Amino acid sequence: MALTSCLKTGVVPMSPTTGCNLSGSFLKSESNFSVPTKLQSIGRSDKERLRVQAVFSFPPAFLTRNGRAEKQKQLKQDLLEAIEPLERGATASPDDQLRIDQLARKVEAVNPTKEPLKSDLINGKWELIYTTSASILQAKKPKFLRSITNYQSINVDTLKVQNMETWPFFNSVTGDIRPLNSRKVAVQLKVFKILGFIPVNAPDTARGELEITYVDEELRLSRGDKGNLFILKMFDPTYRIPL
């Protein structure tokens, strides 16, 4: 259909780019081109014009680098605040555990390190601030018999892992790790040290798997093969496991 014919009839055929028919009465614009009344009314609406301009000119905050960083920071803060009163998980109720798991998954969804085992960020000494592992929490023991602080160290270059307790027993265990992919390792514990200095060989059954689901300079989240969640904060990035 010729353009002059379109202007006479007031019907514009289907656009190959929009797939829409534009119809309706036509009005003369200041440039002497006829435009549909509906389109002209939209053009006159400053509110609509600004809304459309905002959508196409400014991407949503979460799509920008600063927006992603702010979202990541807020999600981490929400998780840490929820963890704080739970004594590393020892006093967490089932509802608390569910809430922490939901918050942890939101943090994991914004993991900036997609291949943790290829990153130096994973190395060093990390302090455990929350877990669902009953064997670590020992919540059924009197509080004075529980470890005050637990650490985990990983050195990817030497494929070593070390778990350490502090007061009152200072027990520790070292082991070997074997990467299964860029996020998950198989763990074989080798030697326990009772009271920090009495060596005891670990049984062959002292093994498991650990997946690093989030890591940055400050925080690390991991999940074990028994379904436990581990949340740790960086304590000493320079620490090396003794060989």
Side-chain angles (χ1 to χ4, degrees), residues 62 68 70-114 116-117 121-122 124-154 161-173 175 177 180-181 183-189 192 202-203 205-235:
F62 69 87
R68 288 193 298 268
E70 285 301 313
K71 179 182 179 181
Q72 183 186 81
K73 181 179 179 181
Q74 185 59 56
L75 291 173
K76 287 168 57 177
Q77 187 63 34
D78 292 344
L79 178 61
L80 294 174
E81 287 178 357
I83 286 171
E84 187 174 6
L86 299 179
E87 296 183 13
R88 298 185 302 156
T91 62
S93 67
D95 286 344
D96 290 330
Q97 290 182 344
L98 178 60
R99 179 168 178 252
I100 297 302
D101 188 78
Q102 292 171 339
L103 291 172
R105 291 185 186 280
K106 290 181 179 180
V107 172
E108 290 167 335
V110 295
N111 181 18
T113 311
K114 302 306 179 185
L117 295 176
L121 291 175
I122 198 174
K125 189 174 186 178
W126 297 82
E127 180 182 344
L128 183 70
I129 57 176
Y130 176 86
T131 186
T132 56
S133 171
S135 62
I136 292 177
L137 292 172
Q138 300 179 340
K140 294 182 179 180
K141 287 185 176 182
K143 194 169 182 178
F144 69 91
L145 292 178
R146 303 180 206 162
S147 174
I148 294 176
T149 308
N150 290 64
Y151 297 102
Q152 184 180 74
S153 300
I154 294 178
V161 63
Q162 181 183 45
N163 295 334
M164 295 162 280
E165 298 178 352
T166 58
W167 178 268
F169 298 113
F170 298 95
N171 296 325
S172 68
V173 60
I177 58 175
L180 300 176
N181 56 43
R183 293 163 51 96
K184 182 185 290 188
V185 295
V187 180
Q188 175 65 67
L189 301 181
F192 290 95
T205 55
R207 61 176 66 199
E209 294 180 0
L210 189 69
E211 182 176 9
I212 313 300
T213 54
Y214 180 96
V215 65
D216 62 18
E217 294 85 352
E218 305 170 324
L219 192 69
R220 172 160 68 87
L221 277 66
S222 304
R223 292 183 182 269
D225 56 336
K226 294 180 175 61
N228 288 311
L229 171 65
F230 305 90
I231 302 177
L232 307 95
K233 67 178 182 180
M234 175 53 73
F235 181 78

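Here the structure is a predicted model, which is why all the values come from computation and not from measurement. The residues of the chain are indexed from 1 along the displayed sequence.
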Would you say [X]'s side chain and [Y]'s backbone share a donor-acceptor pair under 3.5 angstrom?
X      : Y      : value
Ser172 : Asn163 : no
Thr149 : Thr166 : no
Thr113 : Asp216 : no
Glu127 : Phe235 : no
Ser222 : Ile212 : no
Arg220 : Met234 : no

Problem set entry | Candidate pair Thr213 and Asn111, rule side-chain contact (heavy atoms from CB on, under 4.5 Å), full reasoning | CA-CA 7 Å; Thr213 54; Asn111 181 18; over 6 Å; no

If you measure from [atom1] on [X] to [atom2] on [Y], what distance do you get to the nearest 0.5 Å?
X      : Y      : atom1 : atom2 : result
Leu210 : Ile177 : CG    : CD1   : 9.0 Å
Leu98  : Gln102 : CG    : CD    : 4.0 Å
Arg207 : Gln188 : CZ    : CD    : 4.5 Å
Leu117 : Ile154 : CG    : CD1   : 8.0 Å
Lys76  : Ile231 : NZ    : CD1   : 12.0 Å
Trp167 : Leu145 : CH2   : CG    : 10.5 Å

Exercise. Under 3.5 Å, is there a donor-acceptor pair linking the side chains of Gln74 and Asp78?
Worked result: yes

Problem set entry | Test item: side-chain donor near acceptor, Gln77 and Glu81, under 3.5 Å | yes

Problem set entry | Over 12 foreign heavy atoms within 6.0 Å of NZ, Lys143 | no

For this session: I would like to know whether Asn150 and Thr131 meet side-chain contact (heavy atoms from CB on, under 4.5 Å); could you show each step before the answer?
Result: CA-CA 11 Å; Asn150 290 64; Thr131 186; over 6 Å; no

For this session: Answer yes when Arg105 and Asp101 have at least one side-chain N-carboxylate O distance shorter than 4.0 Å, and no when they do not.
Result: yes

Problem set entry | Electrostatic pair Arg183:Glu211 at N-O distance under 4.0 angstrom | yes

Quick check: closest heavy atoms across [X] and [Y], and the distance to 0.1 Å?
X      : Y      : answer
Ala104 : Leu229 : CB-CD2, 3.9 Å
Arg146 : Ala90  : NH1-CB, 3.9 Å
Leu121 : Trp126 : O-CZ2, 3.2 Å
Asn181 : Lys184 : OD1-N, 2.7 Å
Lys125 : Met164 : CE-CE, 3.8 Å
Leu103 : Ala82  : CD1-CB, 3.6 Å

For this session: Could you tell me whether the side chain of Val161 reaches within less than 4.5 Å of the side chain of Gln152, counting heavy atoms only?
Result: yes

Exercise. Quick one: are Pro112 and Tyr214 in side-chain contact, heavy atoms under 4.5 Å?
Worked result: yes

For this session: Report the C-alpha separation of Ile100 and Leu79 in whole Å, then their side-chain angles, then the decisive distance to 0.1 Å, and conclude whether the side-chain contact (heavy atoms from CB on, under 4.5 Å) test is met.
Result: CA-CA 7 Å; Ile100 297 302; Leu79 178 61; 4.0 Å; yes

Exercise. Which is it for Ile136 and Phe230 under the side-chain contact (heavy atoms from CB on, under 4.5 Å) test, yes or no, and what are the steps along the way?
Worked result: CA-CA 10 Å; Ile136 292 177; Phe230 305 90; 3.7 Å; yes

